[in-house]
**Student:** 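The structure that follows is given in the form of structure tokens.
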Amino acid sequence: MTTEPKTNPPLGRIIVITSGKGGVGKTTSSAAISAALAKKGFRTVVIDFDVGLRNLDMTMGCERRVVFDFINVIQGDAKLKQALIKDKRVDTLSILPTSQTRDKDALTKEGVEKVLTELKADFDYIICDSPAGIEHGAQMAMYFADEAVVVTNPEVSSVRDSDRVLGLLSSQTRRAETEGAEPIKAQVLITRYDQERVEKGEMMTVEDVLEILAVPLLGVVPESKAILKASNVGTPVTLDGPSAAAEAYQDAVSRLTGETVEMRIPGERRPGLLQRLFGRAS
Amino acid sequence: MSKGYARNRQDSVTAASAAFQVRGRFLTALVLRIDTDSAGDAFYAQLDEQLRTTPQFFSGAPMVLDLAHAPGLCDADPLAALLAHLRNRDLRVFGVQNADRLDGAVLERLGLIAVTTGRDAPLPRPTAAAPAAEVPPPLRNKVVHAPVRSGQRVMAEHGDLTVIGSVASGAELVAAGNIHVYGTLRGRAMAGCHGDESAHIFCQNLSAELVAIAGLYQTSETLDAAALNRCTHIYLKDEKLCMEVIA
């Protein structure tokens with residue numbers, strides 16, 4: 001797929017994808033969002049901050065092409081250009097994988113800043129895929145961010161952890177520590193949403209989640225088989241065949257780039273009479 | 001501080017034979033300001049009365065005489081007489097202040113020193129035999145105009161705490177006075193944290209994990225079901241937390 005790269009100068013926006021809780025879809029969302037941004041023509045790089053648990057490169061399908069990694073660059077063992085992997089599907093997309101053998105202490109504030117500054121000169125969007133938790137790795141991923149996408153499942157513990165992360169974003173980041181700086185623009189992305197279960201009262205509604213988190217909604221991604229499939233074949237869901245999840249991510253990315261897109265809550269269409277009579281075939 | 005300490009230690013090792021050591025010493029002395037020009041019977045009667053009511057206040061405390069208001073005593077003889085009377089009452093007078101007219105030889109003879117350094121503490125009150133009551137710090141209220149997130153703790157150490165926004169589960173509000181939440185209270189709220197039983201908690205929507213006033217608490221399991229998810233006023237009455245739905 002070839003895209004028309006946007007003209008200079010690069011935007012250099014740093015967006016952290018974070019959540020606090022694990023398994024809510026940070027890496028999947030990082031892959032989907034960065035691929036969708038790149039498809040729109042933005043020069044995009046996605047960085048894996050989950051040192052020691054290398055997942056992003058597998059989700060992106062480039063695990064066999066990793067030679068140097070983020071930590072090598074931070075420690076000066078490799079040049080940034082050597083570590084960046086250009087995606088074979090979208091030429092505006094690059095991946096900066098992380099090390100499988102080191103731990104998160106290898107991430108130093110100075111090192112991360114140096115790499116990010118270098119990337120800002122070449123890319124429109126720098127997507128930081130945060131590890132789970134609120135420890136050093138997650139803090140390094142969020143520290144230099146301009147924007148944050150907080151990934152949340154409509155489920156109480158995930159929402160509470162996201163709330164904790166929102167607190168950290170507004171206190172433990174460079175923008176929070178710099179006097180007079182605009183605070184990080186944080187938005188919530190609800191994933192694994194299942195309208196049927198919400199109706200049965202087994203899952204929190206979008207309104208409930210937003211009421212607790214009190215930040216703008218970036219999008220609602222439905223629970224979808226397409227995501228697991230895409231992840232297993234190493235393709236970001238937004239580059240895979242059409243699916244409700246891919247649409248939801250594309251809408252979210254459009255909002256991220258400042259477009260106004262009507263919010264669609266997946267599965268809101270009431271089933272027709274025939275479907276109701278014969279049950280849900282899918 | 002620690003640096004100096006380390007150096008002293010070293011010195012004591014290298015110069016083990018030092019015969020003395022010079023160190024600073026701060027001490028608190030009582031100042032007896034004499035407001036009458038001649039120390040007569042009335043003066044000693046008042047002094048004895050004071051000593052009788054608060055004996056422990058004076059016992060063993062070093063004392064300085066302040067003669068600023070008693071120029072008549074700034075002479076060798078009346079001062080010697082006064083000193084004898086005071087020492088008779090077991091008062092440990094060791095110095096004088098504001099007595100510039102007295103010369104060094106007189107003081108030396110009387111065993112006194114001229115105190116020129118230090119500064120006066122506020123005048124002790126006769127009732128101050130027990131440690132003086134703490135002056136309450138000035139009231140300082142706090143207003144937070146943002147949601148309080150899980151894991152955050154907001155303190156209003158000396159006053160009321162007002163939150164304009166919701167308080168997430170896992171967040172904590174602590175105030176010496178009242179707590180107001182213009183939003184949903186899902187976390188913990190502790191009013192009257194220094195023991196003020198007249199503190200109140202107000203919230204627009206009560207679904208707290210814990211509410212407490214002056215240490216008396218209730219958790220979400222024991223909260224009044226009638227007040228749950230309602231606009232509620234929580235107060236203490238007869239050592240019991242009461243919840244009143246106000247809207």
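First the proteins, then the strands, lettered A, B, ... as listed; each starts at 1. The figures here come from the full heavy-atom set of this structure, side chains too, leaving out hydrogens, waters and symmetry mates.
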**Student:** In Å and rounded to the nearest 0.5 Å, what is the CD1 to OG distance from A/Ile212 to B/Ser166?
**Tutor:**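 Separation between the atoms: 8.5 Å.
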
**Student:** Any chance you could lay out the side chain to side chain donor-acceptor pair (under 3.5 Å) test for B/Ser169 and A/Arg160, step after step, and finish with the verdict?
**Tutor:** CA-CA 7 Å; B/Ser169 112; A/Arg160 183 204 264 215; 2.8 Å; yes

**Student:** Within the supplied structure, the quantity of interest is the number of heavy atoms (other residues, nucleotides, ligands) at a distance under 6.0 Å from B/Arg230 CZ; does it exceed 12?
**Tutor:**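 No, CZ of B/Arg230 has 12 or fewer neighbouring heavy atoms, counting only those of other groups under 6.0 Å.
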
**Student:** If you count every heavy atom of other residues, nucleotides or ligands that lies below 6.0 Å from B/Arg186 atom CZ, does the total exceed 12?
**Tutor:**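 Atom CZ in B/Arg186 is crowded, with more than 12 foreign heavy atoms closer than 6.0 Å.
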
**Student:** Does B/Ser150 offer a backbone N or O that forms a donor-acceptor pair with the side chain of A/Asp163 under 3.5 Å?
**Tutor:**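 Yes, because the side chain of A/Asp163 sits within donor-acceptor range (under 3.5 Å) of the backbone of B/Ser150.
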
**Student:** Side chain, backbone, both or neither: which part of A/Ser162 has a non-hydrogen atom closer than 4.5 Å to chain B?
**Tutor:**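 Neither the backbone nor the side chain of A/Ser162 comes within 4.5 Å of chain B.
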
**Student:** Return the OG to CZ distance between A/Ser170 and B/Arg149, rounded to the nearest 0.5 Å.
**Tutor:**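 Rounded to the nearest 0.5 Å, the OG-CZ separation comes to 6.5 Å.
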
**Student:** Is it the case that over 12 heavy atoms from other parts of the model lie below 6.0 angstrom from the CD atom of A/Glu259?
**Tutor:**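 Yes.
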
**Student:** Crowded around A/Glu177 CD? As in, over 12 foreign heavy atoms under 6.0 Å?
**Tutor:**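 Atom CD in A/Glu177 is packed in, count exceeds 12.
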
**Student:** Give a yes or no on whether B/Phe94 atom CZ has more than 12 heavy-atom contacts from other residues, nucleotides or ligands under 6.0 Å away.
**Tutor:**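 Enclosed: over 12 neighbouring heavy atoms sit under 6.0 Å from CZ of B/Phe94.
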
